[in-house]
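Counting starts at 1 for both ligands and their atoms, following the listed order. What's counted below: heavy atoms across the whole structure, side chains too, no hydrogens, waters or symmetry copies.
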Amino acid sequence: MFKPEALLSELEKTGAAVAEGEMMAMHTSFRIGGPAAVYIRVSSAAQLGQVLEVLGRFSVPYFILGRGTNLLVSDDGIRRAVISMTESASGDLSQIRIADGIKAEDDETVYVEAGAGITLARLASFARDNGLTGLEFAAGIPGSVGGALVMNAGAYGGEMKQVVSSVRLMQPDGSITEVPGGEMRFGYRTSRLKEVPDTAEKGAVSAIALGAVFELKKADPAQITRTMQELAAKRMEKQPLEYPSAGSTFKRPEGYFAGKLIMDAGLAGYSVGGAQVSEKHCGFVINKGGATAADVKQLMCDVTEKVLQTYGVLLEPEVIMVE
Ligand SMILES: Cc1cc2nc3c(=O)[nH]c(=O)nc-3n(C[C@H](O)[C@H](O)[C@H](O)COP(=O)(O)OP(=O)(O)OC[C@H]3O[C@@H](n4cnc5c(N)ncnc54)[C@H](O)[C@@H]3O)c2cc1C
């Protein structure tokens, strides 16, 4: 067990903002989650390296937090150090720019370099403002670049895999490597960053994403804007964006849609405590007010069981449960 005072003072020497007992409900889109043992906001890759060194010295495990939009954090909180990559990000973690130095194969291709701490919305707007197509699908996904790389975030036929040229990773020992997009092993809501031993803590990642280079194409800004507006309208119409949630609760089972299976099983509006299967989109579990992680977990168990009994299909969670 680490000695909190010595640990906190060493962490503070790195210049990172450090807090004890920060409620994770403040940092998750579900508005659910108890306290983090230690909460650290890093502002740069260099500072992150120093924080990892201190945590390693004190043998303190850590959890990497993006925008918290795909997480279900336990009511008891996270018994690890939580490192927030987005809230204090400045410099390299929040930088976005045209990567002039990379030579494109043709006149249509342009590379954009973005830090892990910036939102996909900002990345997509930057691409649009520069007349670059490829990231329209990402504009409405509420996560960070880092979280999107881990999850291979995607929507409406687009996914990170299609546009990532390379990723800059920090290994647990603080060393930095550049990995080509083709070696990220992107799959359906997964990547090599999720490849950790079975014994690893929940939500652990094999390395920390510092940023990525995206390969985009020149296009008409007006058309890009139209596409983004159309996709935003679809989201507004179909998704319960007025309630806290973590997006799609379950992965899409092969050959089915989770939301349709749940609806057909008669579970629209089914609730446990403050958690409810959204009536607008049964693939979303929403926090109607005061939901606990225990409510959401129970609801997910009930839904999984009913769908398995009714259709013989096993639903797997897309949300990452963290404790
Ligand atoms: C309303 C709503 C709509 C959504 N729609 C979509 C959608 O259309 N498509 C889709 O794919 N997802 C969707 N999501 C889910 C979510 O936004 C994505 O999974 C997103 O990629 C998560 O990013 P994040 O920054 O919030 O990551 P978090 O939820 O904070 O973390 C997710 C995982 O990534 C890890 N992680 C985060 N940052 C880093 C980093 N820099 N380096 C290493 N590991 C890191 C975390 O440790 C965790 O394991 C939606 C969510 C909501 C709430």
Side-chain angles (χ1 to χ4, degrees), residues 24 27-33 42 45 48 52 61-73 78 80-87 89 92-94 114-124 136-161 167-172 184 186-196 200-212 231-232 234-236 238-252 278 280-281 283-287 317-322:
M24 290 302 296
H27 303 283
T28 60
S29 56
F30 240 143
R31 298 282 168 263
I32 292 174
V42 294
L48 174 66
L52 293 187
Y62 56 85
F63 172 75
I64 301 297
L65 178 68
R67 299 271 297 173
T69 63
N70 201 44
L71 305 179
L72 178 61
V73 175
I78 302 185
R80 280 173 273 172
V82 172
I83 303 178
S84 165
M85 298 288 290
T86 62
E87 287 162 283
D92 47 3
L93 292 180
S94 68
I118 71 166
T119 62
L120 289 182
R122 190 168 153 225
L123 173 65
E136 293 87 330
F137 77 89
I141 302 176
S144 64
V145 166
L149 292 166
V150 174
M151 300 298 297
N152 185 25
Y156 305 113
E159 56 182 346
M160 283 291 124
K161 180 183 179 169
V167 180
R168 204 168 157 76
L169 295 178
M170 183 174 280
Q171 302 301 328
M184 282 298 290
F186 286 123
Y188 174 55
R189 301 298 168 263
T190 191
S191 72
R192 66 187 276 161
L193 296 176
K194 276 192 160 187
E195 294 169 5
V196 292
E201 310 243 20
K202 291 184 181 169
V205 282
S206 59
I208 304 174
L210 300 176
L231 298 184
K234 274 193 196 170
R235 259 182 209 275
M236 285 294 285
K238 298 253 157 67
Q239 299 183 356
L241 301 181
E242 59 280 27
Y243 290 105
S245 80
S248 297
T249 313
F250 298 99
K251 290 185 186 165
R252 196 178 54 233
S278 163
K280 192 169 176 185
H281 187 322
F284 279 54
V285 172
I286 54 173
N287 180 353
E318 179 170 321
V319 296
I320 300 172
M321 315 223 184
V322 188

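Of all atoms in ligand 1, listed by their number and element, those nearer than 4.0 Å to a heavy atom of R189 are 11 (O). Within ligand 1, counting atoms from 1 as listed, the ones closer than 4.0 Å to a heavy atom of A153 are 11 (O), 21 (O). Atoms of ligand 1 found under 4.0 Å from any heavy atom of A155 (numbered from 1 in listed order, with element): 8 (O). In summary, the atoms of ligand 1 found under 4.0 Å from a heavy atom of V205, numbered by their order in the structure, are 43 (C), 44 (N). Contact atoms of ligand 1 toward G143: 17 (O), 23 (O), 24 (P), 25 (O), 26 (O) (distance under 4.0 Å to a heavy atom of the residue). Taking a cut-off of under 4.0 Å to the non-hydrogen atoms of I208, the atoms of ligand 1 that pass are 42 (N), 43 (C). Close approach of ligand 1 to S29 is summarised as follows: ligand atoms under 4.0 Å from at least one heavy atom of the residue are 53 (C).
Given atom 39 (C) of ligand 1, the protein heavy atom at minimum distance is I64 CG2, 3.5 Å. Here the protein heavy atom with the shortest distance to atom 27 (O) of ligand 1 is G147 CA, 3.6 Å. In terms of protein heavy-atom proximity, atom 29 (O) of ligand 1 is nearest to N70 N, 2.9 Å. For atom 17 (O) of ligand 1, the closest non-hydrogen atom on the protein side is T69 OG1, 2.7 Å. The protein heavy atom nearest to atom 1 (C) of ligand 1 is L241 CD2, 3.7 Å. In this structure, the protein non-hydrogen atom closest to atom 24 (P) of ligand 1 is R67 N, 3.5 Å. Closest to atom 49 (O) of ligand 1, if we only count protein heavy atoms, is G203 O, 3.2 Å. Looking only at protein heavy atoms, the nearest one to atom 33 (C) of ligand 1 is I320 CD1, 3.7 Å.
Considering only non-hydrogen atoms, atom 12 (N) of ligand 1 lies nearest to I141 out of T86, L93, I141, L48. Closest to atom 32 (C) of ligand 1 by heavy atom, among V150, L71, L120, is L71.
For A209, a nitrogen or oxygen atom sits less than 3.5 Å from a nitrogen or oxygen atom of ligand 1, counting backbone and side chain alike. At least one N/O-N/O distance between R235 and ligand 1 falls below 3.5 Å. The shortest N or O to N or O distance between G68 and ligand 1 is under 3.5 Å. Not one N or O of A116 is nearer than 3.5 Å to an N or O of ligand 1, by distance alone. Residue S144 has at least one N or O atom closer than 3.5 Å to an N or O atom of ligand 1. Distances between N or O atoms of G154 and those of ligand 1 include at least one value under 3.5 Å. Considering backbone and side-chain atoms together, G66 places an N or O closer than 3.5 Å to an N or O of ligand 1.
Ion pair E318/K251 not flagged as a salt bridge, since none of the NZ, NE, NH1 or NH2 atoms sits closer than 4.0 Å to an Asp/Glu carboxylate oxygen.
The two residues A209 and G146 come nearest to each other via the heavy atoms CB-CA, 4.3 Å. In terms of heavy-atom proximity, S191 sits nearest to F186 at CB-CD2, 3.7 Å.
Side-chain contact check for L52 versus Y62: some heavy-atom pair is nearer than 4.5 Å. In this structure, the side chains of L48 and I208 come closer than 4.5 Å at one or more pairs of heavy atoms. In this structure the side chain of I83 never reaches within 4.5 angstrom of the side chain of L65, judged on heavy atoms. Counting only heavy atoms from C-beta outward, the side chains of K202 and I320 never approach each other to under 4.5 Å. Between I141 and R235 the shortest side-chain heavy-atom distance falls below 4.5 Å. Considering only heavy atoms from C-beta on, L72 comes within 4.5 Å of F30 through its side chain. The side-chain heavy atoms of F63 and L71, taken from C-beta on, include a pair separated by under 4.5 Å. Side-chain atoms of T119 and S144, non-hydrogen and from C-beta on, never get closer than 4.5 Å to each other.
T249 places a side-chain N or O within 3.5 Å of a backbone atom of G283 that can act as its donor or acceptor partner. The backbone N or O of G117 sits nowhere less than 3.5 Å from a side-chain atom of S94 that would complete a donor-acceptor pair.
For the ligand labelled ligand 1, residue A207 lies inside the 4.0 Å heavy-atom shell. Residue K194 places every heavy atom at 4.0 Å or more from ligand 1. Ligand 1 does not have E159 within reach: every non-hydrogen atom of the residue lies 4.0 Å or more from it.
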(message) Is there a side-chain contact (heavy atoms from CB on, under 4.5 Å) between V145 and L123? Walk through the geometry before answering.
(response) CA-CA 8 Å; V145 166; L123 173 65; 4.0 Å; yes
(message) Set out, in order, the CA-CA distance, both residues' side-chain angles and the distance that settles side-chain contact (heavy atoms from CB on, under 4.5 Å) for M184 and L193, then state yes or no.
(response) CA-CA 8 Å; M184 282 298 290; L193 296 176; 4.0 Å; yes
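Neither the backbone nor the side chain of L149 comes within 4.0 Å of ligand 1, counting heavy atoms alone. Contacts with ligand 1 closer than 4.0 Å are made by backbone heavy atoms (N, CA, C, O) of A246 only, the side chain lying farther away.
Applying the side-chain hydrogen bond (donor to acceptor under 3.5 Å, both in side chains) rule to H27 yields the partners E22, Y39, E87; only residues at least two apart in sequence or on another chain are considered.
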Counting only pairs under 3.5 Å, give me each side-chain donor-acceptor contact of residues 149-160, with atom names and distances, residues two or more places apart or in other chains.
| unit_1 | atom_1 | unit_2 | atom_2 | d |
| --- | --- | --- | --- | --- |
| N152 | OD1 | M160 | N | 3.2 |
| N152 | OD1 | K161 | N | 3.0 |
| N152 | ND2 | E159 | OE1 | 2.9 |
| N152 | ND2 | G187 | O | 2.7 |

